Amino acid sequence: MALLDTESNTALANISIAITRPINQATKLTQLIQAAGGNVIPFSLIEITPLNDYKQFESVINIIHQYDWVIFISSNAVHNSMPMFIKKGVPSTLKFAAIGPVTAKELGQFGIEKVLIPKGNFDSESLLSLPEMQGVKGKKILIVRGVGGREVLANTLKSRGATVNFGECYQRINPQTNCDILANAYANQQLQSIIVTSSEAMRHLLDLAYEATWLQNITICVSHVRIAELPLKMGLKVIIAKAPGDTAMIDLLLKTHIKF
């Protein structure tokens, strides 16, 4: 993390940044921003909660030996499913894939060391481009995720001849009802950037602040080009980190600070 190493601990002085991640997933990034002298406004737009009923997911685990591949969409998918997988017993023939290195690292915490991950962009499209995801005709694949989400991964694998099922093991809710905290911070010149690291959180932000003029003057920092698509269409100021993860995000903030 070269930029943070070479900058002083006042590089983000007088800069206030809202983080829209779930609170328990924002700890490291919060510490990095504060270490650079910045102020953090917690404004979670996603809250991860257990399902009300796990019968469907339990039915998946009961036949896990029938699957060839299991694909994890997020670190939340890992945390909310792997304890149950391990309790049931993970077949030695089961192959693992993850949407990116962060998710793969979380699988490693459960003893899963061999994990297929995409190269370059860490998304469904990049995972689908790998040779292992091309020849899947006749294979049975389980996608572990939260309730809902994009269908491109499942639909493409099905078009290639695979049988695909979902194992939904958690749900996401928006705990916010308005953007008053952010609007007031902006009015007091105490909000310069908002960090958004999922398309769902971005939709929540734009829904809550759809006609807010203050949002037009804020820099929205995102971790993937797909997250930037909607706000860019709306004419908002968006900058995209070069890679996923906290290191790339803090580097983006430090580079952007020069413009403030």
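Because the structure is a prediction, the values reported are computed rather than measured. Here, residue 1 is the first one in the sequence, and each next residue gets the next number.
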Straight-line distance of S16 OG to L191 CG, nearest 0.5 Å: 7.0 Å

Straight-line distance of R226 CZ to I240 CD1, nearest 0.5 Å: 11.5 Å

Donor-acceptor contact below 3.5 Å, side chain T20 vs main chain I195: yes

Rounded distance [0.5 Å steps], NZ in K255 versus CD1 in I239: 10.0 Å

Sub-4.5 Å side-chain heavy-atom contact between K140 and V164: no

A26 to R21 - nearest heavy-atom pair and separation: CB-CB, 4.2 Å

Under 3.5 Å donor-acceptor, Q192 side chain and I218 backbone: no

Rounded distance [0.5 Å steps], CG in L94 versus CD in Q66: 12.0 Å

Matching residue for I71 among V115, L142, V144, L157 - test: side chain to side chain contact (heavy atoms under 4.5 Å, CB included): L157

Atom CD of Q189 with >12 non-hydrogen neighbours under 6.0 angstrom: no

Least distance between heavy atoms, A98 atom then A104 atom: CB-N, 3.8 Å

Derivation and outcome, side chain to side chain donor-acceptor pair (under 3.5 Å), residues S74 and Y170: CA-CA 11 Å; S74 66; Y170 64 95; 2.9 Å; yes

Short side-chain to backbone donor-acceptor contact, S193 and I220, under 3.5 Å: no

Minimum heavy-atom distance S124-V152, with the two atoms named: CB-CG1, 3.7 Å

Donor-acceptor under 3.5 Å (E168 side chain, G148 main chain): yes

Heavy-atom pair with the smallest gap, counting every atom of A11 and L254: CB-CD2, 3.5 Å

Heavy-atom side-chain proximity of N24 to I48 below 4.5 angstrom: no

N/O donor-acceptor pair under 3.5 Å between Q56 side chain and G167 backbone: no

Criterion side-chain contact (heavy atoms from CB on, under 4.5 Å) on I73 and I143, from CA distance to verdict: CA-CA 7 Å; I73 296 301; I143 299 176; 3.7 Å; yes

Worked verdict on M133 versus W69 for side-chain contact (heavy atoms from CB on, under 4.5 Å): CA-CA 10 Å; M133 293 289 108; W69 282 93; 3.7 Å; yes

Pair E200 + R172: basic N to acidic O under 4.0 Å: yes

Non-hydrogen side-chain atoms of F96 and E113 separated by less than 4.5 Å: no

Heavy-atom side-chain proximity of S81 to F57 below 4.5 angstrom: yes

N/O donor-acceptor pair under 3.5 Å between T156 side chain and L153 backbone: no

Pairs involving residues 184-198, ordered by first then second residue, that meet salt bridge (charged side-chain N to carboxylate O under 4.0 Å, His left out) (sequence neighbours left out): none

Side-chain heavy atoms of L205 within contact of V196, under 4.5 Å: yes

Flag side-chain contact, heavy atom, 4.5 Å: N80 against L51: no

Test log, rule side chain to side chain donor-acceptor pair (under 3.5 Å), inputs H79 and E106: CA-CA 8 Å; H79 284 296; E106 295 298 332; 2.8 Å; yes

Between CG on residue D68 and CD on residue E132, distance to nearest 0.5 Å: 13.5 Å

Ion pair R203/E229, N-O distance below 4.0 Å: no

Under 3.5 Å donor-acceptor, D53 side chain and K55 backbone: yes

Sub-4.5 Å side-chain heavy-atom contact between L236 and L206: yes

Single-linkage hydrophobic cluster, 4.5 Å side-chain cutoff, L116 and F122 together: no

Contact summary for G149 and E151, nearest pair of heavy atoms: O-OE2, 3.3 Å

Parallel, tilted or perpendicular, as decided by the 30° and 60° cut-offs, for the rings of F85 and F72: perpendicular

Student check: side-chain heavy atoms of T197 and M249 closer than 4.5 Å: yes

Test side chain to side chain donor-acceptor pair (under 3.5 Å) applied to S126 and D123, step by step: CA-CA 5 Å; S126 295; D123 53 25; 2.9 Å; yes

Working for side-chain contact (heavy atoms from CB on, under 4.5 Å), residues T163 and K139: CA-CA 6 Å; T163 299; K139 301 295 184 181; over 6 Å; no

Closest non-hydrogen atom pair between V222 and A228, with its separation: CG2-CB, 3.9 Å

Under 3.5 Å donor-acceptor, S198 side chain and A201 backbone: yes

Residue pair N14, N39: steps toward the side-chain contact (heavy atoms from CB on, under 4.5 Å) verdict: CA-CA 7 Å; N14 301 317; N39 177 58; over 6 Å; no

